[in-house]
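Treat the numbers as computed from the prediction; the structure is a model and nothing was measured.
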Amino acid sequence: MKGDVSLLRERNFLLFFLARTSSLTGNVIAPLGLAFAVLALPDGSPSQLGLLLGTRTVAQLGLILLGGVLADRFPRHRLIIAGETAAGCSQALTATLFLHGSVPMNLLFVLAAVNGASSAVSQPAATALVPQLVDAERIQPANALLRLAANFSRIGGVFAGGLLVAAVAPGWALAADAASYFLSAVLLMFSRPRTASRAPTATEAPTSLLRELRSGWTEFTSLRWMWPVVSQFAIVNAAFGGAIMVLGPAVAEQELGGAVAWSVVLGAHSAGFVLGSLIAIRIRPRYPLRTGVFVTFGFFPAYLFLAAGSPTWLIATSMLVAGICIDVFEVLWRTTVHTHVPEQAMSRISSYDSLVSFVCTPLGLAVAGPVAAHIGIAEALLLSGVLVFLASTVPLLFSAVRNLPARCTVPEHVPG
């Protein structure tokens, strides 16, 4: 552990660590502030909230592959600075609209799209910047520190957002998110990462982009253990975004007492991430992917207790369990990808992993409100939980998922 913490003495990594912690904390505050800001409008509804969140996600997913290409062609820390600055400006204007009481919905959709596009630019660059900040043998502890910081940011962000919403106004939570983006950008301005080892020339870019996109899809679909799990999470992420993030605040508003109760629920969920990371460090399953898929059944109780209008402590406990399961799965999944995907194909395959995993999320966000209005919030939550449960059973039907060992001794062939 001392070796891990010593990385914080290195100036460039410390600046990046603080920048990511600031930005990620704001990213947790923002959905909470936006949810209760929209629901507080005279004509606010879960449907409008879902459409706003869906707009941001569509913009992010639509540009994520382009963001990856840009991160290979331009200085990555400068791309992050540009993305964080643009996101900060969009959130600052959104906060101003809510605080002044003039909230044209069309402008909110534009600002949500700008925020999502900004994330598409900065996210791939942030992922790829770590090897430019630390030596090769210290990449794993660097990633461990960043992941731990992200988990604690979730906890702090949830409670800070809940206090801002309850004590002042939801708009101030959005203003805090804007400030977190600006702080991140300022910190990165003082960093001096090493130059990336490879950057394609301008003449290569037009043809290599199309070729790499086509090749990446072929490589991704050729991995028989990967696409069933990624398909599972296309449904899981859509259900979580629609049912939990859209309908959850409505349940809290109607039955649990409002933003403070919901911040407790989300805080428990975030605490589960930390516990899940600590558990995942210690377990060494023989078949990590099989174990990872099994733990995803722990997502289901949260939907059941929300649908039943259970007490806050019981919903929070179920979300704690869900957080533990998510982080255990995430660690086992990333380990599987790193040990079974050829290094030369890892970036392309990982980009399609992200894209397909979240491709249905905007739909889930958009339809949650209308479905709940038609059949009821409790019924919509229960339906989402059943879909998550069924989706989690499907990968286990594939022997390639069940029988994938912990370590790949012979690299799998991936067609180019």
Side-chain angles (χ1 to χ4, degrees), residues 23-24 26-68 82-99 102-124 161 165 170-171 173-178 180-181 233-250 266 351 354-373 380 384:
S23 181
L24 291 171
N27 286 345
V28 176
I29 294 174
L32 189 63
L34 183 63
F36 288 96
V38 170
L39 293 175
L41 294 174
D43 57 346
S45 68
S47 296
Q48 287 182 327
L49 175 60
L51 287 173
L52 277 173
L53 294 174
T55 298
R56 183 192 185 280
T57 305
V58 167
Q60 181 180 1
L61 292 178
L63 295 174
I64 193 74
L65 295 180
L66 176 61
E84 300 284 75
T85 302
C89 290
S90 69
Q91 287 297 75
L93 184 51
T94 301
T96 301
L97 293 173
F98 280 110
L99 290 172
S102 175
V103 191
M105 291 302 298
N106 289 340
L107 181 55
L108 285 183
F109 284 115
V110 172
L111 293 172
V114 171
N115 193 272
S118 302
S119 178
V121 170
S122 59
Q123 181 181 325
V165 171
L174 296 170
D177 183 36
S180 75
Y181 282 123
F233 271 82
I235 296 173
V236 169
N237 289 329
F240 181 85
I244 304 297
M245 299 309 295
V246 174
L247 302 182
L266 293 184
S351 67
S354 298
L355 182 62
V356 177
S357 293
F358 290 97
V359 71
C360 294
T361 301
L363 179 62
L365 292 167
V367 305
V371 170
S384 298

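Expressed to the nearest 0.5 Å, how far CG of Leu107 lies from CG of Leu93 amounts to 5.5 Å. How far CD of Glu84 is from OG of Ser119: 8.5 Å, rounded to the nearest 0.5 Å. Summarising the geometry, atom CD1 belonging to Ile244 is positioned 9.0 Å from atom CG belonging to Leu266; distances are rounded to the nearest 0.5 Å.
Ile29 approaches Ala176 most closely through the heavy-atom pair CD1-CB, 4.4 Å. Closest non-hydrogen pair, Ala30 versus Leu174, comes out as O-CD2, 3.7 Å. The two residues Cys360 and Ala234 have their closest heavy-atom pair at CB-O, 3.5 Å. The two residues Ala178 and Ala92 come nearest to each other via the heavy atoms CB-N, 3.5 Å. Ala380 and Val371 make their closest contact through CB-CG1, 4.1 Å (heavy atoms, listed as atom of the first residue, atom of the second, distance). Shown here for Ala95 and Ala175, the closest heavy-atom pair between the two residues is CB-N, 3.5 Å.
Contact annotation: the side chain of Leu63 never approaches that of Val121 to less than 4.5 Å [non-hydrogen atoms, C-beta and beyond]. Side chains of Phe240 and Thr361 form no contact here, defined as non-hydrogen atoms less than 4.5 Å apart. Residues Leu52 and Phe109 meet the side-chain proximity criterion, which asks for heavy atoms closer than 4.5 Å. Residues Leu111 and Leu97 meet the side-chain proximity criterion, which asks for heavy atoms closer than 4.5 Å.
Listed by chain and number, the residues in a side-chain contact (heavy atoms from CB on, under 4.5 Å) with Ser118 are Ala86, Ala87, Val114 (sequence neighbours excluded). Residues passing the side-chain contact (heavy atoms from CB on, under 4.5 Å) test with Pro170 are Phe36, Ala37, Val165, sequence neighbours excluded. Scored by the side-chain contact (heavy atoms from CB on, under 4.5 Å) test, Val58 finds Pro362 as partners (sequence neighbours excluded).
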Could you walk me through whether Gln91 and Ser180 satisfy the side chain to side chain contact (heavy atoms under 4.5 Å, CB included) test, starting with their C-alpha distance in whole Å, then the side-chain angles of each, then the deciding distance to 0.1 Å, before giving a yes or no? CA-CA 10 Å; Gln91 287 297 75; Ser180 75; over 6 Å; no

Hey, mind stepping through Tyr181 and Asn27 against side chain to side chain contact (heavy atoms under 4.5 Å, CB included) and telling me if it holds? CA-CA 9 Å; Tyr181 282 123; Asn27 286 345; 2.6 Å; yes

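Remark: the backbone N or O of Ser90 is not paired with any side-chain donor or acceptor of Asn115 at under 3.5 angstrom.
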